[in-house]
Amino acid sequence: MTESLSPERMTAWRAYIEASQRLFTQLEDDLRADSELTFADYHVLVLLSEAPGQRLRMGELASRLVFSPSRLTYQISSMQKRGLVARQSCPEDRRGSEAVLTAAGLLALREAAPHHLRSVRTHLIDDLDDAEVACLTRVFERLGRRLRADRDASSTPADK
C-alpha cells in the first residue's frame, strides 16, 4: 500500500525535481564544455578512482551508479573507445568482467575535477533561488542521516 503525499509535500517534491533537473543539466553542459566528459563518464571515473586497484566488477559499478546493465555496457563501451577505461575478466569469476581505470581516464578525471567543483559551487549559489537551495539542502541532510544510520547499523562492535 502506498502512502499518498499531501499537496504541500507534493509541491516540495516537484520543486526538488525541477531544481535538481535544472542543476544537473547545467552541470552536464559545463562538464562537457570544459573536459568533453559527460556527467555519467565523470561518475564512472570517480568510482573507479576510489576503488581498490582502480577496478570494479561491472555489477557493482552498475549498482553504485544505479544504471541498468545495458546502460552500463553502453557507457563502458563508449568510454573504452575513448581510452578512458578498459574491460577485463574478473580473476575470481571468469564469467564476469571488471571496468578498469586507464592512465588516460585518471588524467581526464584529474583535469575535469576542478572544473566540476567550480561548476557545482557556481550553480548552487547563482542558479537556484533560496527555496530551491533550502529544498535540496533538506534532501541531502536527510540522505546523509540515512547513510550514517545505515553505516552505523551495519558496523559490528569490533569495528567501533
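In what follows, every heavy atom counts, from backbone to side chain, and hydrogens, waters and symmetry copies are set aside. Values in this document were obtained by computation on a predicted structure and should not be read as measured data.
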#### Entry: side-chain contact (heavy atoms from CB on, under 4.5 Å) assessment of V100 paired with V85
CA-CA 5 Å; V100 181; V85 298; over 6 Å; no
### Query
Can you check whether Q88 reaches R55 side chain to side chain, under 4.5 Å on heavy atoms?
yes
### Message
Going by ring-ring contact (aromatic ring centres under 6.0 Å, His included), name the residues that satisfy it together with H115, two or more places apart in sequence or in a different chain.
### Response
none
### Task
Return the minimal non-hydrogen interatomic distance between T102 and G83, and the atom names on each side.
OG1-O, 2.6 Å
### Query
Out of curiosity, does L37 fall in the hydrophobic cluster containing Y74 (side-chain heavy atoms, cut-off under 4.5 Å, transitive links)?
no
### Query
Under a 4.5 Å cut-off applied to non-hydrogen side-chain atoms, are R14 and E18 in contact?
yes
### Message
I need the full list of salt bridge (Lys or Arg N to Asp or Glu O under 4.0 Å) pairs touching residues 107-119, with sequence neighbours left out, sorted by first then second residue.
### Response
D34-R118
### Task
Determine whether Q80 and R87 make a side-chain contact, defined as any pair of heavy atoms from C-beta on separated by less than 4.5 Å.
yes
### Query
CZ of F39 to CG of L31: how many Å apart, nearest 0.5 Å?
7.5 Å
### Contact summary for L72 and M58, nearest pair of heavy atoms
CD2-O, 3.1 Å
### Query
So how far is it from F24 CZ to D29 CG, rounded to the nearest 0.5 Å?
13.5 Å
### Query
Hey, does the side chain of S89 reach the backbone of S97 with a donor-acceptor pair shorter than 3.5 angstrom?
no
### Query
Of all residues at least two apart in sequence or in a different chain, which pass the ring-ring contact (aromatic ring centres under 6.0 Å, His included) check with Y42?
H116
### Query
Within the distance-only criterion (no hydrogens, no angle test), does the side chain of S63 pair as donor or acceptor with the backbone N or O of E60 below 3.5 angstrom?
yes
## Note on the structure
Nearest heavy-atom contact between A108 and L84 is CB-CD2, 3.8 Å
### side-chain hydrogen bond (donor to acceptor under 3.5 Å, both in side chains) against T38, all qualifying residues, sequence neighbours excluded
D41
### Task
Answer yes or no: is there a side-chain heavy-atom contact under 4.5 Å between L65 and Q75?
no
Check: residues 46-54 side-chain donor-acceptor pairs under 3.5 Å, at least two apart:
| unit_1 | atom_1 | unit_2 | atom_2 | d |
| --- | --- | --- | --- | --- |
| S49 | OG | L45 | O | 3.4 |
| S49 | OG | V46 | O | 2.8 |

### Task
Could you pull out all residues at least two apart from Q21 that satisfy side-chain hydrogen bond (donor to acceptor under 3.5 Å, both in side chains)?
none
